[in-house]
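Have a look at the structure below, then the notes.
Everything numeric in this text was worked out from a predicted model, so none of it was measured. Every chain is numbered from 1, with letters handed out A, B, ... down the list of sequences.
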Number of protein chains: 2
Amino acid sequence: MLNLSELEQLTAFADLGTLSKTAEELHISQPTLTRTMKQIEEAFGVPLFERGKNRIYLNETGLKAVEYARKLLYDAENAVRQVQTFHARLHTILVESCAPAPLWTLLPLLSENFPEQTISSRLVEIPSVIEDVTAGKCEIGILPFPINENTVACRPIIREELFVCVPKEHELAKKQKLTLSALNGFNCLLRSEIGFWNELCREKMPASRFLVQTDEFAFEELARESSLPCFTTNLAENMYDILEERKRIPVMDKEANVTYHMIYKKQKKEYHTIEEQLRKKDRQ
Amino acid sequence: MLNLSELEQLTAFADLGTLSKTAEELHISQPTLTRTMKQIEEAFGVPLFERGKNRIYLNETGLKAVEYARKLLYDAENAVRQVQTFHARLHTILVESCAPAPLWTLLPLLSENFPEQTISSRLVEIPSVIEDVTAGKCEIGILPFPINENTVACRPIIREELFVCVPKEHELAKKQKLTLSALNGFNCLLRSEIGFWNELCREKMPASRFLVQTDEFAFEELARESSLPCFTTNLAENMYDILEERKRIPVMDKEANVTYHMIYKKQKKEYHTIEEQLRKKDRQ
DNA sequence: TATTATTACGTTAGGCGTAAAGATT
DNA sequence: AATCTTTACGCCTAACGTAATAATA
């Protein structure tokens, strides 16, 4: 029968042209290669080489055999990769969310409930969330609205409400409530990695420019030192010092007050309990 | 690295369910299989089995691995087959002809000129001859007319003329010449394996019925004992005794007097000499 | 003379089977 | 008790490298 490590020697020889170079490259002796080539010929059952006294070449059939050998070697490597990623997928719960906030409570809960599994998450656009959950590319999705698909369970888990933060002396500070369109035209501070909030702002406030900060420290520094409006939500808990100097004004748009929904394939009943635990926490 | 014979053991185990059955089936010991399974797991780098104290199962990843293993094994076998047929093709000259007669002189000539090669021939319909030569599926084709294709050389090689043979007392025996349409309605003896002559007769003589004889002995016996017309040509040399009792009348249709043409890919210049030798013989 | 493939030979590592142990049904 | 996997152990093959041979450029 064919043998992959022998075929590897064959392709190496095809690349290098002489047995001695090949031997050097593969850290084995020439006699071993001579033998291997004979064995390969045996396995294929037809002559693959032209043998001179002092030289050995692949004949036309040999070149064909090398083609097949390369393909087989590639496929074998690929099989290993595929099986490995299959194994990885089997032991990781991939969560795709439209926004970061729900992950703050969801991910720890998953780790706790599935200690054997690796928990992994990505922020992606809303259509991808739906697509990937239905296609089985990820286990759990988080959307800012409910959907109705027959293979997919969809449950509300947590509510997030948007606020604008402006310095107390800012012209908007006197407002008791705001809409995003009322903010349109004001340049704003924005974090990166905020999922669909990003698209929402750009859609509702086309006249504004956004100063996107990747670094949390830079964001907070600017929030302190500038008078640019920024955003926070009921779920953000790490901005007390900034808020002291700023006023928090609720944003009234319905798109800015969302109920996140968790979606997952209906057959994955193990996620039922997660839902419940999340809703319990939300009520607190 | 993956090893095909190990994978074969894996798939056998997948089929049979227990190591001991597999060991029996493959004529090896159980311990060997235990080891092999470990090595395969090692090669894939991920767990493939659930091990009970007294039992070993493939886990989900293992089942995937088996899928890939089967594919790899199939591909490997296939590669061997492909290389073998490639080798065979490289060492055979396949001739496709529309009729048997030209082969009688062509095949011996090929054997003589290419003693290393295997000569192989098939009777096929005219369109297939052209198609297969142009597609490189066969090396040489024989047609009853010339063609003009730019990748294909086409040369006249030999002429064949059709005769009707009837008993001397037959009503057609007085004719000096005939056409196939004049024969239409007469039932005729016919050999099988006569290529395009078969189609020609059926086309030109739709009212006739043909008594096709596969066996040459049966054909000759019937030619002697019946008064059914039969055919011969200038190239047929083995019917003297029959002909003594019958009259040979030339058939005048232009389709019944053909000049065979040999076609082959222009790049195969080694067949030039064959052409010439054939034409030389034809003149004799 | 330097390079290369092949042959011959001796050594050794690893692969296989036997036997035994451990565990399950 | 029978079946099955795993572990332990010893044998023996077969795979490898070294050294020698032969041939070429």
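Around CD of A/Glu60, the count of heavy atoms belonging to other residues, nucleotides or ligands within 6.0 Å does not exceed 12.
A straight line from NZ of A/Lys21 to P of C/dA2 spans 18 Å, rounded to a whole angstrom. As a whole-Å value, the separation of A/Glu24 CD from C/dT3 P is 11 Å.
Contacts of B/Leu63 classified as side-chain contact (heavy atoms from CB on, under 4.5 Å), with partners at least two apart in sequence or in another chain: B/Leu58. Applying the side-chain contact (heavy atoms from CB on, under 4.5 Å) test to A/Glu25 and every residue at least two apart in sequence or in another chain returns A/Leu16. A/Glu276 pairs by the side-chain contact (heavy atoms from CB on, under 4.5 Å) definition with A/Arg279, not counting sequence neighbours. With sequence neighbours excluded, the residues forming a ring-ring contact (aromatic ring centres under 6.0 Å, His included) with A/His87 are A/His91, listed by chain and number. Listed by chain and residue number, A/Leu7, A/Leu10, A/Thr11 satisfy the side-chain contact (heavy atoms from CB on, under 4.5 Å) test with A/Ala69 (two or more places apart in sequence, or in another chain). Under the rule for a ring-ring contact (aromatic ring centres under 6.0 Å, His included), the partners of B/Tyr264 that lie at least two apart in sequence or sit in another chain are B/Tyr271.
One finds no salt bridge joining B/Glu24 and B/Lys21 here, because no Lys/Arg side-chain nitrogen approaches an Asp/Glu carboxylate oxygen to under 4.0 Å.
Nucleic acid contact class of A/Ser29 (heavy atoms, under 4.0 Å, all strands): base.
With a cutoff of under 4.0 Å to any heavy atom of chain B, the contacted region of DNA chain D is bounded 5' to 3' by D/dT3 to D/dT7.
In the region residues 32-44 of chain B, proximity to DNA chain D at under 4.0 angstrom, judged on heavy atoms, holds for B/Thr34, B/Lys38. At a non-hydrogen distance threshold of 4.0 Å, nothing from residues 3-16 of chain B comes into contact with DNA chain D. The stretch residues 45-61 of chain B touches DNA chain D through B/Arg51, B/Asn54, B/Arg55, B/Ile56, each having a heavy atom within less than 4.0 Å of the strand.
Each side-chain hydrogen bond (donor to acceptor under 3.5 Å, both in side chains) pair with one or both residues in residues 122-145 of chain A, not counting sequence neighbours, appears once here: A/Arg89-A/Glu139, A/Glu96-A/Arg122. Within the structure, every pair that satisfies the side-chain hydrogen bond (donor to acceptor under 3.5 Å, both in side chains) test and touches residues 39-59 of chain B, not counting sequence neighbours, is listed here: B/Glu41-B/Arg51.
Among B/Glu270, B/Glu275, B/Lys268, the one residue that satisfies the side-chain contact (heavy atoms from CB on, under 4.5 Å) test with B/His272 is B/Glu275. Here the options are A/Ile40, A/Ile56, A/Thr61, the test is side-chain contact (heavy atoms from CB on, under 4.5 Å), and the partner is A/Phe49; only A/Ile56 passes.
Considering every non-hydrogen atom in both A/Val83 and B/Ala65, the closest pair reads CG2-CA, 3.7 Å.
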